[in-house]
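Read the structure below first, then the notes.
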Amino acid sequence: MTAQPHETSDTGASLPDKSLRSIRAALTLPQDRAAFDTGLRLALDEVRISLDLGKLTEFVHAWWLIACDSIHDRTGRELMYKHVAHVQELADQGRPLPRGDRTWREVLAERGVQT
C-alpha cells in the first residue's frame, strides 16, 4: 500500500494514513487491535486463495474508518464494547435483552453467517 495524503478531521485531530501500520497504530483499544489482527490474517488468507486484492482494499477501508472513530471517540468505543459484553452476558444467562438489542449471534444469523 502507498501512503495517502495526511488528513485532518473537523476537530483538527490527525487522521491516520490509509496504511496497515498507521491504521493499527491509531487503534486505541485492545479489543480493536485484536480484531484488526485477526481480521487481517483472514483477509490475507482470502487474498492468497482468490488472488483478489479487492478484499484487502475493503479491509483497509473498513479499519481506517474504525481507526478514525477510535481517535475521535475512544470513550464511545469503550462504551460500545461494555454494552456488547452486557447484552451478550444477559443472552448467555437466558435473561431478556434490553428493548431493541440483539446478540452478535442473532445479527450474524440474520445475515446468513454461521457461527
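Atom set for the values below is all heavy atoms of this structure, side chains included, hydrogens, waters and symmetry mates excluded. Bear in mind the structure is a predicted one, so any value in this text is a computation, not a measurement.
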Among I66, L65, D73, side-chain contact (heavy atoms from CB on, under 4.5 Å) partner for D69 | D73
Distance, nearest 0.5 Å, that separates SG of C68 from NZ of K18 = 8.0 Å
Check the pair K82, E78 against salt bridge (Lys or Arg N to Asp or Glu O under 4.0 Å), reporting the backbone distance first and the verdict last.
-> CA-CA 6 Å; K82 285 179 185 175; E78 288 172 339; 5.7 Å; no
For the residue pair W63 and F36, does the interplanar ring angle fall in the parallel (under 30°), tilted (30 to 60°) or perpendicular (over 60°) class?
-> perpendicular
Side chain W64, main chain I23, donor-acceptor under 3.5 Å = no
Flag the pair R48 and D45 as a salt bridge only when some basic side-chain nitrogen lies within less than 4.0 angstrom of an acidic carboxylate oxygen.
-> yes
Hits for side chain to side chain donor-acceptor pair (under 3.5 Å) against H83, two or more places apart or cross-chain, chain-then-number order -> D101
If only atom types and distance count, is the side chain of D52 paired as donor or acceptor with the main-chain N or O of G54 below 3.5 Å?
-> yes
Please report the shortest heavy-atom distance between S22 and P16, naming the atom on each side.
-> O-CB, 3.8 Å
Quick one: are V60 and L20 in side-chain contact, heavy atoms under 4.5 Å?
-> yes
Results of salt bridge (charged side-chain N to carboxylate O under 4.0 Å, His left out) for R21 - residues two or more places apart only = none
Rounded to the nearest 0.5 Å, how far does CG of L56 lie from OG of S50?
-> 10.5 Å
Heavy-atom distance under 4.5 Å between the side chains of Y81 and D32, does that happen here?
-> yes
For R41, the salt bridge (charged side-chain N to carboxylate O under 4.0 Å, His left out) test, sequence neighbours excluded, returns none
Give a yes or no on whether L44 and L27 share a hydrophobic cluster (residues Ile, Leu, Val, Met, Phe, Trp, Tyr; joining criterion: side-chain heavy atoms under 4.5 Å apart).
-> yes
Hey, could you give me the CD/NZ distance between E58 and K55, rounded to the nearest 0.5 Å?
-> 5.0 Å
The reported gap from CG in L29 to OG1 in T75 (rounded to nearest 0.5 angstrom) is 9.0 Å
Where the side chain of R74 meets the backbone of T28, is there a donor-acceptor pair that is under 3.5 Å apart?
-> yes
